[in-house]
Amino acid sequence: MQNSPLELQIQTLPDGPGVYQYYDAAGKILYVGKAKNLKKRVSSYFNKVHDTAKTNVLVKKIVSIKHIVVPTESDALLLENNLIKTLQPRYNVLLRDDKSYPWICIKKEPFSRIFSTRRMIKDGSEYFGPYTSFKTVNTILELIKELYPLRTCHHDLNASNIENHKYKVCLEYHIGNCKGACEGLETLENYQIQVDAIREILKGNFKESQKEFKILMHQLASEMQFEAAQKIKEKLEVLENYQSRSTIISPKINNIDVFSIVSDESAAYINFLQIAHGAIIRSHTLELKKKLAESDLELLELAIVELRERFNLLSREIIVPFQVDFGDKIKVTVPQTGDKKHILDLSIRNAKFYRIEQLKQLQIVDPDRHTKRIMAQMQSDLRLTFEPRHIECFDNSNIQGTNPVAACVVFKDGKPSKKDYRHFNIKTVEGPNDFASMEEVVYRRYKRLLEEDQPLPQLIIIDGGKGQLSSALKSIDALGLRGKIAIIGIAKRLEELFYPGDSVPLYLDKKSETLKIIQQLRNEAHRFGITFHRDKRSKAAIQTSVETIPGIGEKTMIALIKHFKSVKRLKIATESEISEVVGVSKAKKINDFYRKE
């Protein structure tokens with residue numbers, strides 16, 4: 001790239017904040033990014049080999065660079081967000097949202113109607129939202145209807161029409177849902193008081209409505225209007241019940257937005273909660289598909305800008321799990337304790353549940369994609385060169401030194417492949433020696449696979465710590481497979497993962513899918529080995545008896561042991577009881593043999 005136009009562009013980039021755009025030979029935009037220092041950030045793409053193949057491919061395609069200088073890094077973030085949505089570059093996280101979210105509208109008109117809509121019309125009306133579901137909108141509108149009798153008709157209720165008696169009251173008036181403003185039975189001033197109260201409820205502030213209802217209730221009660229007071233009391237209970245379901249934190253926390261992120265190899269899930277007067281008034285989770293292994297910081301900043309713009313958020317404080325840069329206009333809080341930490345934890349929990357739901361749906365709808373995601377996650381977590389599509393796990397079994405055996409279980413694409421499971425009788429080791437036994441079975445397993453030209457696994461897991469891992473490595477080295485197959489050991493007690501030549505173990509997140517698959521492999525190997533060991537001990541006990549009873553074969557003895565559960569019970573059984581299982585002739589031979597004993 002020496003002295004090329006691209007290099008000259010990089011060398012002449014400014015050191016300040018801004019947005020850069022990469023283009024290919026055809027002039028098509030590839031990528032948009034923001035930077036605190038344009039020159040340093042862009043240079044970093046070209047002076048090293050990147051961890052992901054996609055980033056390396058992107059760099060090879062870049063032919064020209066454009067940039068836009070802005071005053072601050074937060075300005076760069078806003079501009080980056082707008083350019084990504086406008087240009088939709090191939091290598092950027094896509095910020096598209098085809099949904100049309102519902103709003104609650106307070107219509108600008110005499111005797112304002114309040115209703116839900118998906119369209120915002122700039123006619124001076126007030127819009128609250130958008131809400132993430134119509135269920136939430138309907139719940140709020142039902143609450144408003146319970147509390148305040150408002151008109152639902154589309155009549156033009158100007159003063160002239162009312163005075164000229166243009167309209168007549170409808171059924172809504174007769175059933176008590178409207179006070180008949182169309183015939184002048186309710187004043188505009190009184191109606192507007194109700195609209196003001198509803199406006200506060202939509203903002204999440206219930207105090208004023210509660211206060212007014214309590215005053216009215218006591219006033220009616222003092223005037224002996226107990227029936228009317230009871231109706232107001234019922235409305236107050238409706239309001240308090242709604243508030244108690246909404247309020248989960250201190251009412252002192254007001255006008256704050258909470259953002260959290262949970263991510264894996266392929267996607268990030270950003271949850272957003274809007275808080276007003278201690279109540280969650282909106283929640284939404286945004287899924288962003290990763291393109292270039294973007295960091296959580298990059299994705300969270302991008303999502304915050306997108307969500308604030310999409311939901312028209314104007315709060316001056318945001319709560320986040322780690323520090324982000326949004327300039328001086330927005331206060332960024334990273335809580336460690338208290339109510340704010342509680343609400344952040346709730347947001348993280350929402351993001352995790354959303355991710356689990358999406359993954360379950362993916363597993364059902366697109367199992368291949370689900371498998372690829374799991375494999376990519378394991379490759380990253382275990383620091384492997386290849387995806388571990390074929391994994392084999394070894395476990396030794398010997399109880400009190402008797403009948404030493406080993407088991408090898410095989411997982412393909414993260415699932416058990418039981419037809420490939422193998423048992424091993426230990427042949428060259430005397431007594432209980434786990435290390436030597438592991439060395440023997442690993443050598444035998446892969447020597448045979450090599451001789452038969454069978455596919456080798458990408459990953460071997462040894463159930464045991466450093467000692468078993470070292471023993472297995474001797475066999476791998478003897479067969480010349482070091483470097484061709486990854487091998488790790490897992491210690492039982494703390495779920496430590498050991499790597500060859502590394503004394504410091506790796507600890508995976510206890511809830512990670514990678515650790516769960518490794519544990520499943522280890523448990524399956526243990527179960528498979530123990531079953532074989534028990535069968536071998538039982539068979540040995542049966543064979544001891546078979547060898548000493550003339551004329552009685554192995555199958556007969558197995559049938560007897562299954563029936564009587566042990567040789568000891570068989571010995572004390574009567575000839576009649578034995579004959580019910582194997583017949584009179586064989587029963588007599590067995591009975592005579594044990595009587596002589």
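We're numbering straight along the sequence, starting at 1.
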Chemist: Do any N or O atoms from the side chain of Asp502 and from the backbone of Phe498 form a donor-acceptor pair under 3.5 angstrom?
Modeler: no
Chemist: Is it true that a side-chain atom of Tyr499 and a backbone atom of Leu382 form a donor plus acceptor pair closer than 3.5 Å?
Modeler: yes
Chemist: Going by atom types only, do Tyr23 and Tyr31 share a side-chain donor-acceptor pair under 3.5 Å?
Modeler: no
Chemist: What's the spacing between Leu307 CG and Leu302 CG if we round to 0.5 Å?
Modeler: 9.5 Å
Chemist: Ignoring hydrogens, what is the shortest heavy-atom contact between Ser260 and Ile348? Give both atom names and the distance.
Modeler: OG-N, 3.3 Å
Chemist: Does any N or O in the side chain of His284 come within less than 3.5 Å of the main-chain N or O of Ile270, such that one atom is a donor and the other an acceptor?
Modeler: no
Chemist: Does any non-hydrogen side-chain atom of Met438 lie less than 4.5 Å from one of Val442?
Modeler: yes
Chemist: Under a 3.5 Å distance rule, please check whether Ser471 uses its side chain to pair with a backbone N or O of Gly467 as donor and acceptor.
Modeler: yes
Chemist: Within the side chain of Asp463, is there an N or O that forms a donor-acceptor pair under 3.5 Å with the backbone of Arg522?
Modeler: no
Chemist: State, to 0.1 Å, how close Ile426 and Arg444 come at their nearest heavy-atom pair, and which atoms those are.
Modeler: CA-NH1, 4.5 Å
Chemist: Quick one: list whatever passes salt bridge (charged side-chain N to carboxylate O under 4.0 Å, His left out) with Lys40, sequence neighbours left out.
Modeler: none
Chemist: Determine, step by step, whether Tyr269 and Ile261 satisfy the side-chain contact (heavy atoms from CB on, under 4.5 Å) criterion, reporting the C-alpha distance in whole Å, the side-chain angles of both residues, the deciding distance to 0.1 Å, and the verdict.
Modeler: CA-CA 6 Å; Tyr269 305 85; Ile261 183 169; over 6 Å; no
Chemist: Just by distance, no angles: are the side chains of Gln377 and Thr514 close enough, under 3.5 Å, to form a donor-acceptor pair?
Modeler: no
Chemist: Would you call Arg41 and Glu298 a salt bridge, using N to O less than 4.0 angstrom?
Modeler: yes
Chemist: Answer yes when Arg527 and Glu524 have at least one side-chain N-carboxylate O distance shorter than 4.0 Å, and no when they do not.
Modeler: yes
Chemist: For His390 and Pro455, work out which heavy atoms get closest and say how close.
Modeler: CE1-O, 3.8 Å
Chemist: Quick one: closest heavy-atom pair of Leu288 and Ala303, and the distance?
Modeler: CD1-CB, 4.3 Å
Chemist: Minimum heavy-atom separation for Val320 to Leu344, with atom names?
Modeler: O-CD2, 3.7 Å
Chemist: Side chains of Pro17 and Asn37: does their closest heavy-atom pair fall under 4.5 Å?
Modeler: no
Chemist: Please find out if less than 6.0 Å separates the ring center of Tyr91 from that of Tyr22.
Modeler: no
Chemist: Does Tyr446 have any ring-ring contact (aromatic ring centres under 6.0 Å, His included) partners at least two apart in sequence or in another chain, and if so, which?
Modeler: Phe394
Chemist: What distance separates Asn271 CG from Thr285 OG1, expressed to the nearest 0.5 Å?
Modeler: 4.0 Å
Chemist: Less than 3.5 Å apart, any donor N or O on the side chain of Arg308 or Ser315 sitting next to an acceptor on the other?
Modeler: yes
Chemist: Do the non-hydrogen side-chain atoms of Leu481 and Leu450 ever get within less than 4.5 Å of each other?
Modeler: yes
Chemist: Under a plain distance cut-off of 3.5 Å, with no hydrogens placed, do Ser64 and Gln9 share a side-chain donor-acceptor pair?
Modeler: no
Chemist: Taking the basic N atoms (NZ, or NE/NH1/NH2) and the acidic carboxylate oxygens, is any pair closer than 4.0 Å for Lys39 and Asp15?
Modeler: no
Chemist: Tell me, with the steps shown, if Ile343 and Ile319 meet side-chain contact (heavy atoms from CB on, under 4.5 Å).
Modeler: CA-CA 9 Å; Ile343 197 68; Ile319 294 173; 4.0 Å; yes
Chemist: Side chain of Gln458, backbone of Ala486: donor and acceptor closer than 3.5 Å?
Modeler: no
Chemist: Excluding sequence neighbours, so at least two apart, what forms ring-ring contact (aromatic ring centres under 6.0 Å, His included) with Phe386?
Modeler: none
Chemist: Are any non-hydrogen side-chain atoms of Leu506 and Asp381 less than 4.5 angstrom apart?
Modeler: no
Chemist: Between Leu87 and Gln21, is there a side-chain heavy-atom distance shorter than 4.5 Å?
Modeler: yes
Chemist: Would you indicate whether the side-chain heavy atoms of Val93 and Leu299 approach each other to under 4.5 Å?
Modeler: yes
Chemist: Can you tell me how far apart CG (Leu473) and CD1 (Ile460) are? Round to the nearest 0.5 Å.
Modeler: 9.0 Å
Chemist: Just how far is it from atom CG of Leu300 to atom CG of Leu286, taken to the nearest 0.5 Å?
Modeler: 10.5 Å
Chemist: Walk me through whether Ile62 and Leu6 qualify under side-chain contact (heavy atoms from CB on, under 4.5 Å).
Modeler: CA-CA 8 Å; Ile62 298 169; Leu6 187 60; 4.0 Å; yes
Chemist: Over all heavy atoms of both residues, which pair between Pro388 and Gln379 is shortest? Give the atoms and the distance, please.
Modeler: CD-N, 4.0 Å
Chemist: Between Lys34 and Glu301, does at least one N-O distance fall below 4.0 Å, as a salt bridge requires?
Modeler: yes
Chemist: Using a strict threshold of under 4.0 Å (side-chain N to carboxylate O), is an ion pair present between Arg445 and Glu439?
Modeler: no
Chemist: Are any of the side-chain heavy atoms of Tyr20 and Val32 separated by less than 4.5 Å?
Modeler: no
Chemist: Could you list the donor-acceptor pairs under 3.5 angstrom formed between side-chain atoms of residues 408-418 and any protein atom two or more places apart in sequence or on another chain?
Modeler:
| unit_1 | atom_1 | unit_2 | atom_2 | d |
| --- | --- | --- | --- | --- |
| Lys412 | NZ | Asp420 | OD2 | 3.2 |
| Asp413 | OD1 | Arg389 | NH1 | 3.0 |
| Ser417 | OG | Asp420 | OD2 | 2.6 |

Chemist: Can you sort out the partners of Phe272 under ring-ring contact (aromatic ring centres under 6.0 Å, His included), two or more places apart, ordered by chain and number?
Modeler: Phe259, Phe311
Chemist: Donor-acceptor pair, Ser512 side chain versus Leu508 backbone, under 3.5 Å?
Modeler: no
Chemist: Would you call Pro505 and Leu497 a side-chain contact if the rule is heavy atoms closer than 4.5 Å?
Modeler: no
Chemist: Would Leu292 and Leu58 count as a side-chain contact (heavy atoms from CB on, under 4.5 Å) if you check the C-alpha gap in whole Å, the side-chain angles of each, and the deciding distance to 0.1 Å?
Modeler: CA-CA 9 Å; Leu292 297 171; Leu58 166 66; 3.6 Å; yes
Chemist: Atom CD1 in Ile330, atom CZ in Arg316: separation rounded to 0.5 Å?
Modeler: 7.0 Å
Chemist: Answer with yes or no whether the side chains of Glu496 and Tyr507 bring together a donor and an acceptor at under 3.5 Å.
Modeler: yes
Chemist: Using 4.0 Å as the upper bound for N to carboxylate O, is an ion pair formed by Asp345 and Arg349?
Modeler: no
Chemist: Report the distance from atom CD of Glu387 to atom CE of Met375, rounding to the nearest 0.5 Å.
Modeler: 7.5 Å
Chemist: Would Arg373 and Glu513 pass as an ion pair if we require N to O under 4.0 Å?
Modeler: yes
Chemist: Is Glu294 salt-bridged to Lys290, cutoff N-O under 4.0 Å?
Modeler: no
Chemist: Only counting residues at least two apart or in another chain, list the ones meeting side chain to side chain contact (heavy atoms under 4.5 Å, CB included) with Glu309.
Modeler: Asn81, Asn82, Lys85
